[in-house]
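This report refers to the structure that appears directly beneath it.
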Amino acid sequence: MTAPPPPRRLSRDELPHETLALARALIGKTLVHDLPEGRLSVRIVETEAYPVGDAAGHAFIGQTRRNATLFRDFGHAYVYLGYGVSWLLNVSSETHGVGAGVLIRAGEPIEGVDEMIRRRGRARLVELTSGPGKLAMAMGVDKRLDGADFFAGGPLWLGEAVRPRGEIGVSVRIGITKDADRPLRFYERANPFVSGPRKLNR
DNA sequence: AGTGCGATTGACT
DNA sequence: GTCAATCGCACTA
């Protein structure tokens, strides 16, 4: 077995800072977490945008201690606990003082699959990272990484695409009640690691 | 101090 | 398909 070539780290200006463009651009890119146990990486296949002024976004109520990372400049990890159960990972977008971000909802396991299986307590590949809480758990992402900079040489980073991406689908976002009709969810069509009901994924 | 509510998941009918 | 678990946070008083 030959290990796949490591992806190159992306720099801050190789991705759009604007929220919707970022959500689209992240599809196909690599999310990496380097740990003592080894490298965990996924190919990002699903995202959701939470732009400025979006009533569904955590930043809508203004800056609080919980959502402070969303107001940092582009490229910081906003990690919060959803439903008291799951950690969810976002990338802060726009510029300092502007509360917006992109939720990373699903990925396709690339490296560290055995470790992901251990962390998830599930052996089936499709159950490892096909949802935002699952992805964070498999990738070893929790509150400790809130505020981490994706582009400062740290253990959590974004890499170039490891292969061309397929056609991108767009749908409404999953699990929200406010601003629920906006087409702000992006995913790679026909990718088995995308979350959500199949009818949303066409 | 008490209340209500999720950017979810997994178990179960 | 339905539904409970679980808890940090924002808000009210």
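Numbered from 1 within each chain, the chains take letters A, B, ... in sequence-line order. Since this is a predicted model, take the numbers as computed values, not measurements. No hydrogens, no waters, no symmetry mates; every other heavy atom, side chains included, goes into these values.
- No side-chain N or O of A:Arg105 forms a donor-acceptor pair with one of A:Asn90 less than 3.5 Å apart.
- For A:Glu160 and A:Thr30, the side-chain atoms include no donor-acceptor pair closer than 3.5 Å.
- The separation between A:Trp87 atom CH2 and C:dG8 atom C1' is 8 Å, rounded to whole Å.
- Looking at heavy-atom distances under 4.0 Å, A:Arg185 makes no contact with the nucleic acid at all.
- The residue among A:Val85 and A:Lys143 whose nearest nucleotide of DNA chain C lies closer to the 5′ end is A:Val85.
- In this structure, A:Lys134 atom NZ and B:dA11 atom P are separated by 11 Å, rounded to whole Å.
- Side-chain contact, A:Ser93 with A:Glu18: no donor N or O sits under 3.5 Å from an acceptor N or O.
- Taking atom OH of A:Tyr80 as the reference point, atom C1' of B:dT8 lies 9 Å away to the nearest angstrom.
- Sparse packing is recorded around NZ of A:Lys178, with 12 or fewer heavy atoms of other residues, nucleotides or ligands lying under 6.0 Å away.
- If you take CZ of A:Arg124 and P of B:dT9, they are 15 Å apart, rounded to a whole angstrom.
- Per the geometry, CE belonging to A:Met137 stands 14 Å off P belonging to B:dT8, to the nearest Å.
- Atom CZ in A:Arg66 sits about 11 Å away from atom P in C:dC11, given to the nearest Å.
- Stacking here means ring centres nearer than 5.5 Å and ring planes tilted less than 30 degrees, and by that measure A:Tyr83 does not stack onto C:dA5.
- Atom NZ in A:Lys178 sits about 11 Å away from atom P in B:dC5, given to the nearest Å.
- For A:Arg122 and B:dA11, the shortest distance from a side-chain N or O to OP1 or OP2 is below 4.0 Å.
- As rounded to whole Å, 14 Å separates atom C1' of B:dT9 from atom CG of A:Leu128.
- Listed pair A:Arg65 / C:dA10 fails the phosphate criterion, with no side-chain N or O lying under 4.0 Å from OP1 or OP2.
- Pairing for C:dG1 goes to B:dC12, judged as Watson-Crick or G-U wobble with the two contacts each under 3.5 Å.
- In this structure, A:Leu88 reaches the sugar-phosphate backbone alone: every heavy-atom distance under 4.0 Å involves primed, P, OP1 or OP2 atoms, never a base.
- For B:dG4, the paired nucleotide is C:dC9, the pair qualifying as Watson-Crick or G-U wobble because both relevant distances are below 3.5 Å.
- Residue contacts for A:Gly133: at a heavy-atom cut-off of 4.0 Å it reaches the sugar-phosphate backbone alone, with no base atom in range.
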- Message: For A:Arg39 and A:Glu115: C-alpha separation, side-chain torsions, deciding distance, then whether salt bridge (Lys or Arg N to Asp or Glu O under 4.0 Å) applies.
- Response: CA-CA 9 Å; A:Arg39 171 166 293 176; A:Glu115 179 64 16; over 6 Å; no

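- Closest-nucleotide positions on DNA chain B for A:Glu127 and A:Ile176 were compared, and the one nearer the 5' end corresponds to A:Ile176.
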